[in-house]
Amino acid sequence: IGSTQTLVIGGTKVQCAVVQTHLVLSGDIDYTTDLTTWYAAAYHLPVKTHSVGKGAYNGFPFTTDITSVMRSVKPS
């Protein structure tokens with residue numbers, strides 16, 4: 001856990017632990033990614049993730065940049 005941050009999720013301020021992960025895969029697909037996860041202990045949920053990666057499959061390079069954010073921490 002690198003730090004803590006407060007995010008606003010669906011209008012609610014949420015205190016989060018920020019977790020940094022580095023992942024390397026090799027085999028048919030070679031892939032390296034850096035993943036940041038904002039984990040809200042009060043809700044026992046990751047409320048935001050961001051990953052940036054690059055790799056190759058059969059000699060074809062590719063990149064990824066994916067962000068996911070919860071819409072709300074309140075049940076609908």
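With 3.5 Å as the limit, one finds no donor-acceptor pair spanning the side chains of His50 and Asp34.
Residues Leu35 and Tyr39 do not share a hydrophobic cluster, defined by chaining ILVMFWY side chains whose heavy atoms lie under 4.5 Å apart. Using a 4.5 Å cut-off between side-chain heavy atoms of Ile, Leu, Val, Met, Phe, Trp and Tyr, with links allowed through other members, Ile66 and Trp38 fall into different hydrophobic clusters. When hydrophobic clusters are built by joining Ile, Leu, Val, Met, Phe, Trp and Tyr residues whose side-chain heavy atoms come closer than 4.5 Å, directly or via intermediates, Val52 is not grouped with Phe62.
Here the closest non-hydrogen pair linking Thr33 and Ser51 is OG1-CB, 3.7 Å. Thr67 and Lys48 make their closest contact through CG2-CE, 4.1 Å (heavy atoms, listed as atom of the first residue, atom of the second, distance). Of all the heavy atoms in Gly59 and Pro61, the pair that sits closest is O-CD, 3.4 Å.
In this structure, the side-chain contact (heavy atoms from CB on, under 4.5 Å) partners of Thr6, at least two apart in sequence or on a different chain, are Lys13, Gln15.
The OG1 atom of Thr63 lies 9.0 Å from the OH atom of Tyr31; values are rounded to the nearest 0.5 Å. The distance from the CE atom of Met70 to the CG atom of Leu7 is 11.5 Å, given to the nearest 0.5 Å. In this structure, CD1 on Ile29 lies 8.5 Å from CG on Asn58, to the nearest 0.5 angstrom.
The 12-atom threshold is not exceeded at OH of Tyr57, counting heavy atoms of other residues, nucleotides or ligands nearer than 6.0 Å. Crowding of Asp65 atom CG: a count of heavy atoms from other residues, nucleotides or ligands under 6.0 Å exceeding 12.
Taking the side chain as every heavy atom from C-beta outward, Thr12 and Tyr43 approach each other to under 4.5 Å.
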